[in-house]
2 protein chains.
Amino acid sequence: MTSIDDVARASGVSTATVSRALRGLPNVSPATREAVMATAEQLGYVASSSASGLATGRTLAMGVVVPNVSRWFYSTVLEGIDAELRAVGYDTILFNLGLKGEDRERVFHRSILRKRTDAVIALCLDFTPAEREQLASLGHPTIVVGGPVPGLRHLGIDELAVARAATEHLIGLGHRDIGHLAGIPEPGLNKRVPQRRRRGFEVALGAAGIAVHPEWIEQSDFQISAGREAALRLLARDPRPTALFAASDEMAIGALLAARELGIDVPGKLSIIGIDNHALAETFGLTTIAQDAFGQGRRAAQLMLAELAGETPRPSQLRVATTLIERATTASP
Amino acid sequence: MTSIDDVARASGVSTATVSRALRGLPNVSPATREAVMATAEQLGYVASSSASGLATGRTLAMGVVVPNVSRWFYSTVLEGIDAELRAVGYDTILFNLGLKGEDRERVFHRSILRKRTDAVIALCLDFTPAEREQLASLGHPTIVVGGPVPGLRHLGIDELAVARAATEHLIGLGHRDIGHLAGIPEPGLNKRVPQRRRRGFEVALGAAGIAVHPEWIEQSDFQISAGREAALRLLARDPRPTALFAASDEMAIGALLAARELGIDVPGKLSIIGIDNHALAETFGLTTIAQDAFGQGRRAAQLMLAELAGETPRPSQLRVATTLIERATTASP
DNA sequence: TTGAAAGCGCTAACAT
DNA sequence: ATGTTAGCGCTTTCAA
């Protein structure tokens, strides 16, 4: 493993000069810099991250804590984060908690988050008070993406407003019999997201003077399969609603599948709207309220980077914009 | 930031003893160990990974290079890897290349893979000769999961045999008019996977004395949307096949959607089989050849860990098992 | 069983 | 513009 000394010796300068030259610091003559870079290249030298990390106190790595990596929102945010970090030479260290949360203890119990990362981005998780405190006391920048957590900085959409806008789109179309495919609190995941989306639904109905029919609300997790099953239950009711607001696009797609199976024409007999603009939304012609998950990842990474660069922390609750995308699953009743 | 010295001082022993006690090394009296552990816990001490990395030459981190993290196979393998690593205290450092591969240069050009990880797992990527050489010369254990790469160690299914088995399932059911939704070579991704799956299809037909109809083969990427479009094109032909072998479950699901849109009964008028046992396969009642992506991730991680522990490297091509899962999308013509 | 001390490879003052 | 040198926090001989 070639070290900085090898490069210094080979190019006839001191290690300090090599260090300066390679990192693009000032006070190195162009000729020297070029020579050093050439020998470094030739020797295949790369600085040891352990050594420079020890010397500088910086690891050039960001911890990203995710509940899992197979759902659209999480994987997309993760890609946004990684893209941003990669561009500035930062590494992404993944902490995949797993939905069951067996490893949470290991991750949080003052273990790995510490000393290996310069900052931490957490996705849409539910934290115990102890975990929250540990995150806060980490001493380095932290942000949560996707679901507000009291006491921690946060970046995400306005869950309640988005749910309300989706419901109002349906109401605007003339629907008054509206059902809701609600999210269910999942262990380890932020419970506020399903709660607020449901609340937004209820608020929209209330504001329009429409009564909430509890029998037209079904709960499931945010995925296609569960959404389909919930919709199957809901649509079996008589009477059934003329429109459905699903708490996520995946659930909406599940509802679409259920409607097809039951021979219910969409949007003829049933309108469906979701939230996300999932990768499959376009394929299914789904009307939805789009949120930019990739952009949220980038944005969160940028914020952390800026803080690490010495910028003073910005306001603690950042709201990102959403847009209604009308496609083919909503129409007047 | 509490250091080992703080712990040593607080517990009245030397740093060496603290180090030994905390890492579970022998030659520490039970009483001392307990005392050290208690003060460490109380002080919230965690060893700096930079410092121990520098001292030992081990980073306790594994590099995982993925083309992206939003497709089922990749995200699932990644979760398997992370689960295994987490259990032994290793960290996962993610290198998300992005399909467009803009960042490949940065990752590979003797940069970050080096000195930050003890081993590297790469997923199903296509490497340039230069990249391959860099991986091989990294000096630490390396393995590729998901698509064989000449000159690198590999773990995965037997692509050709699996495709053949899927096709033979269709033939066994009595089909002779069989089409294929083939994968397309995607930039940066291993081209052998779509190629071999197509070859397996052709071999199976050949062995059964059935002619290949080129007009019944359509190409697309491995995803649902593209699979649906390819199936739409293919099923528009007259005559059309009575069965379809899709190179992936996502494509098969796309075909299922296409068939529904065209009013073609599955499996009455059209049988469909895929490969993977994707999370959605069950929801769609899809017959498929299952591969255990999570298990492959675990396995790959285990192999790397074993080698790091000094075990001699195992044979270089590891095949993992697959199983046919008959569900509701295949039947006799 | 425990401690002293020499590094691991790099960075950052401080000199020159 | 370049060199010298003292750490960064830990592990690991080697002694005791």
Side-chain angles (χ1 to χ4, degrees), chain A residues 1-37 39-40 43-61 89 110-112 114-118 139-140 308 310, chain B residues 1-37 39-40 43-61 89 110-112 114-118 139-140:
Chain A
M1 218 49 354
T2 48
S3 78
I4 198 172
D5 290 293
D6 300 323
V7 180
R9 216 169 301 126
S11 42
V13 296
S14 71
T15 61
T17 301
V18 172
S19 178
R20 284 189 282 251
L22 259 25
R23 287 182 301 151
L25 296 188
N27 297 326
V28 180
S29 79
T32 310
R33 189 186 303 271
E34 203 162 323
V36 169
M37 284 171 61
T39 42
L43 265 47
Y45 168 75
V46 189
S48 148
S49 61
S50 297
S52 59
L54 184 54
T56 60
R58 281 281 171 95
T59 63
L60 298 185
R110 60 185 72 237
S111 80
I112 330 181
R114 242 177 178 118
K115 311 249 186 116
R116 175 150 233 156
T117 58
D118 294 337
H140 54 221
L308 289 170
Chain B
M1 215 62 335
T2 47
S3 78
I4 198 172
D5 289 293
D6 300 325
V7 180
R9 216 169 303 127
S11 42
V13 296
S14 71
T15 61
T17 300
V18 172
S19 178
R20 285 189 281 249
L22 259 25
R23 287 183 301 148
L25 296 188
N27 296 326
V28 180
S29 79
T32 310
R33 188 185 305 270
E34 202 161 325
V36 169
M37 284 172 60
T39 42
L43 266 46
Y45 168 75
V46 188
S48 147
S49 62
S50 297
S52 60
L54 182 55
T56 59
R58 281 281 172 96
T59 64
L60 297 185
R110 58 184 72 237
S111 80
I112 330 179
R114 247 183 176 110
K115 312 254 185 112
R116 175 151 230 154
T117 58
D118 294 337
H140 54 222

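Note that the coordinates shown come from a computational prediction; the quantities given were computed from them, not determined experimentally. Chain letters run A, B, ... following the sequence lines, proteins first and then strands; every chain starts at 1. Computed from heavy atoms alone, side chains included, the values below leave out hydrogens, waters and symmetry copies.
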*S48(A) side-chain N/O to dC8(C) phosphate OP1/OP2 under 4.0 Å*: no

*asked:* Given dC8(C), dA13(C), dC10(C), identify the nucleotide with an atom nearest to the side chain of A16(A).
replied: dA13(C)

_For atom NZ of K115(B) and atom P of dG9(C), their distance in whole Å_ = 8 Å

*Whole angstrom is fine here: how far is it from CD in E34(B) over to C1' in dT1(C)?*
16 Å

*Respond yes when some side-chain nitrogen or oxygen of S29(A) is under 4.0 Å from OP1 or OP2 of dT2(D), and no when none is.*
yes

*Length of the line joining L25(B):CG and dT2(C):P, which is rounded to integer Å*: 13 Å

*Counting only N and O atoms by type, is there a donor-acceptor contact under 3.5 Å from the side chain of T32(A) to the main-chain atoms of V28(A)?*
no

*T17(B) vs dG3(C): side-chain N/O to OP1/OP2 distance below 4.0 Å*: yes

*Quick check: does any side chain N or O of R33(B) sit under 3.5 Å from a backbone N or O of L25(B), one acting as donor and the other as acceptor?*
yes

*Interatomic distance, R116(A) CZ vs dC10(D) P [rounded to whole Å]*: 14 Å

*Round to a whole Å and report the spacing from CG of L54(A) to P of dA12(C).*
12 Å

*Under-4.0 Å side-chain N/O to phosphate OP1/OP2 contact, T32(A) with dT2(D)*: yes

_Quick check: on DNA chain C, is the nucleotide nearest T15(B) upstream (toward 5') of the one nearest N27(B), or the reverse? Name the residue that is more 5'._
N27(B)

*I4(B) CD1 to dA5(C) C1', straight-line distance once rounded to whole Å*: 14 Å

*asked:* Both R20(A) and D5(B) contact DNA chain D. Taking the nearest nucleotide for each, which residue is further toward the 5' end?
replied: R20(A)

*Would you say T59(B)'s side chain and G53(B)'s backbone share a donor-acceptor pair under 3.5 angstrom?*
no

*Within this structure, what is the CZ-to-C1' distance between R9(B) and dG9(D), rounded to whole angstrom?*
13 Å

*Nearest nucleotide by nearest heavy atom, which residue falls closer to the 5' end of DNA chain C, R23(A) or V28(B)?*
V28(B)

*asked:* Check the phosphate of dT11(C) against S19(A), side-chain N and O only, distance under 4.0 Å to OP1 or OP2. Yes or no?
replied: yes

_S3(A) side chain to D5(A) backbone, donor-acceptor under 3.5 Å_ = yes

_Looking at every heavy atom in both T2(B) and K115(A), which two are closest together, and how far apart are they?_
O-NZ, 3.4 Å

*Do any side-chain nitrogens or oxygens of S14(A) fall under 4.0 Å of OP1 or OP2 in dG3(D)?*
yes

*State whether R58(B) places a side-chain N or O below 4.0 Å from either non-bridging phosphate oxygen (OP1 or OP2) of dC8(C).*
no

